[in-house]
Amino acid sequence: MTFAPDPLDPDDDRPPYEQVASSLGAAIRTRKLAPGEKLPSHKALTEMYGFARATVQRALRDLEDEGLVVSRKGSGVFVRNRTERPAGLRPYVEQAFSSQNVTIDFAGFSSETLHGALQEPLDKIRVGRLTPSSIAIRILVPDMSVPQAAPVRREDCTDDVRLRNRMRDIMIGYTRSIRDSVAELEHLGLVPETRVNVRVHGGTQFFKLYVINNEDVFFGYYPIKPNKVVAQGEAIEIYDLVGRDTVLFHHSVNDSDSSSGTQQVQQARMWFESVWETIARDFDLNGQ
């Protein structure tokens, strides 16, 4: 089957290479270009998109940097076969919002990365470039009203309620912002149905997990590192869970129920649902 890209948005003000990279990336994520498949030649892509060869080359370099394609000297450019690879979260979140019904399940420490990844697709909904019918987001985070394995004081690894209150405030800030931004879309009549639910559990969250539209999973570990923070006006040396530079590994459902990617997605969904429905409890973002 000959690959035919979706038409580019004439109102897209991004540089041409970003538009081409976004179009090809979307085709890869939606399996229009299958794992292992060879991409059309540079000449064919320039004719398809109507941009210069240098634009196409730059787009392909970006896709290679993102881990979606691999260039083989003398053979061409191919979609990567492996789904278990370090990957960028943001393009997949944006692609998820092209679906009619968007679902995102997140388990992690504070939802800071999720908050950042949502900004661009939410902006595109506001200007009419994305038009989902529903958005449902579930956020699962640790209960900072009880002691945690981290963050703790560095000098003796003991619990400090000030550290937990600080993390609780950070979590509330990001999750409230997500809730309010998504709810605004419904209030403005841009998305007919929206829902953001937050639950907490008593365990320390040593990893972050995203389940996107029940088809793509991103998983990464929080390393524990020394850090220095200010809590209630005092600088405190701590051991902290650090997630900003966490490498995320991507697993995706494909045609085979027995494939590694499909099984990883199934197990991630099972784990999230099991915690959400048993030991997790609703958290009131308006309560203090």
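We count residues from 1, following the sequence as given.
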Does any pair with a residue in [range] pass ring pair (Phe, Tyr, Trp, His ring centres under 6.0 Å), and if so which ones, sequence neighbours excluded?
range	result
residues 110-137	His115-Tyr174
residues 116-164	none
residues 178-201	none
residues 117-141	none

So, for [X] and [Y], which heavy atoms are closest and what is the spacing to 0.1 Å?
X	Y	value
Ala235	Lys228	CB-CE, 3.7 Å
Met167	Pro151	CG-CG, 3.9 Å
Ala21	Asp62	CB-CB, 4.5 Å
Thr175	Ser111	CG2-OG, 3.3 Å
Phe106	Phe109	CZ-N, 4.2 Å
Val265	His251	CG2-O, 3.6 Å

One pair to check against side-chain contact (heavy atoms from CB on, under 4.5 Å): Leu60 and His42. What are the steps and the verdict? CA-CA 9 Å; Leu60 293 175; His42 285 62; 3.6 Å; yes
Could you tell me whether a side-chain N or O of [X] sits under 3.5 Å from a main-chain N or O of [Y], the two making a donor and an acceptor?
X	Y	value
Arg154	Asn227	no
Glu186	Thr194	yes
Gln205	Phe207	yes
Glu37	Ala34	yes
Ser181	Ser177	yes
Thr204	Ala149	yes
Asp160	Arg162	yes

Do NZ/NE/NH1/NH2 and the carboxylate oxygens of Asp123 and Arg126 come within less than 4.0 Å?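 Salt bridge flag = yes for Arg126 with Asp123.
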Are Asp159 and Arg164 ion-paired here, with the side-chain N under 4.0 Å from a carboxylate O? yes
Glu155: what forms a side chain to side chain donor-acceptor pair (under 3.5 Å) with it, not counting sequence neighbours? Arg153
Non-neighbouring partners of Ser99 that pass side chain to side chain donor-acceptor pair (under 3.5 Å), sequence neighbours left out: Asn213
How about Glu193 and Ser134: does a side-chain donor come under 3.5 Å of a side-chain acceptor?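 No donor-acceptor contact under 3.5 Å links the two side chains.
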Residues clustering with Ile236 (ILVMFWY side chains joined when closer than 4.5 Å, directly or via others):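 ILVMFWY cluster around Ile236 also holds Leu163, Val229, Ile238.
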Say you draw a straight line from [atom1] of [X] to [atom2] of [Y]; how long is it, rounded to the nearest 0.5 Å?
X	Y	atom1	atom2	result
Leu68	Ile28	CG	CD1	5.0 Å
Leu130	Ser98	CG	OG	5.0 Å
Cys157	Tyr239	SG	OH	5.5 Å
Leu39	Leu63	CG	CG	7.5 Å
Tyr222	Ser110	OH	OG	6.0 Å
Leu185	Asp180	CG	CG	11.0 Å

For Phe249 and Phe218: C-alpha separation, side-chain torsions, deciding distance, then whether ring-ring contact (aromatic ring centres under 6.0 Å, His included) applies. CA-CA 5 Å; Phe249 290 89; Phe218 291 82; over 10 Å; no
Using side-chain contact (heavy atoms from CB on, under 4.5 Å), reason through Ile212 and Val217 one step at a time and then give a plain yes or no. CA-CA 6 Å; Ile212 301 175; Val217 160; over 6 Å; no
Between Tyr221 and Phe206, is the ring centre distance below 6.0 Å? no
Heavy-atom side-chain proximity of [X] to [Y] below 4.5 angstrom:
X	Y	answer
Gln148	Pro142	yes
Phe97	Leu118	yes
Val20	Phe51	yes
Glu64	Val77	no
Ile104	Leu114	yes

Can you pull out every salt bridge (Lys or Arg N to Asp or Glu O under 4.0 Å) where at least one residue sits in [range]? Sequence neighbours excluded, please.
range	result
residues 203-216	none
residues 39-49	Lys43-Glu47
residues 92-104	Glu94-Lys124

Identify each donor-acceptor pair in which a side-chain atom of residues 3-17 lies under 3.5 Å from a protein atom, sequence neighbours left out, and give them as a table.
| residue | atom | partner | partner atom | Å |
| --- | --- | --- | --- | --- |
| Asp6 | OD1 | Lys32 | NZ | 2.9 |
| Asp6 | OD2 | Lys32 | NZ | 2.9 |
| Asp9 | OD1 | Asp11 | N | 2.9 |
| Asp9 | OD2 | Arg129 | NE | 3.4 |
| Asp12 | OD1 | Arg14 | N | 3.0 |
| Asp12 | OD1 | Arg14 | NE | 3.1 |
| Asp12 | OD1 | Arg129 | NH2 | 3.4 |
| Asp12 | OD2 | Arg14 | NE | 3.1 |
| Asp12 | OD2 | Arg14 | NH2 | 2.7 |
| Asp12 | OD2 | Arg129 | NH2 | 3.4 |
| Tyr17 | OH | Arg58 | NH2 | 3.1 |

Please test Arg199 against Arg281 for side-chain contact (heavy atoms from CB on, under 4.5 Å), starting from the C-alpha separation and ending with a verdict. CA-CA 5 Å; Arg199 289 187 178 180; Arg281 61 179 179 82; over 6 Å; no
Would you check, one step at a time, whether the test side-chain contact (heavy atoms from CB on, under 4.5 Å) holds for Ile125 with Thr131? CA-CA 6 Å; Ile125 292 173; Thr131 56; over 6 Å; no
Using distance only, find each side-chain donor-acceptor pair of residues 269-276 under 3.5 Å and give its atom names and separation, not counting sequence neighbours.
| residue | atom | partner | partner atom | Å |
| --- | --- | --- | --- | --- |
| Arg269 | NE | Asn214 | OD1 | 3.4 |
| Glu273 | OE1 | Arg138 | NH2 | 2.9 |
| Glu273 | OE2 | Arg138 | NH1 | 3.1 |
| Ser274 | OG | Met270 | O | 3.4 |
| Ser274 | OG | Trp271 | O | 2.7 |

In one Ile/Leu/Val/Met/Phe/Trp/Tyr side-chain cluster, 4.5 Å: Val161, Met144: no
Is Val102 reachable from Leu188 through a run of I, L, V, M, F, W or Y residues, each pair having side-chain heavy atoms under 4.5 Å apart?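 Same cluster: Leu188 reaches Val102 through Ile, Leu, Val, Met, Phe, Trp or Tyr contacts under 4.5 Å.
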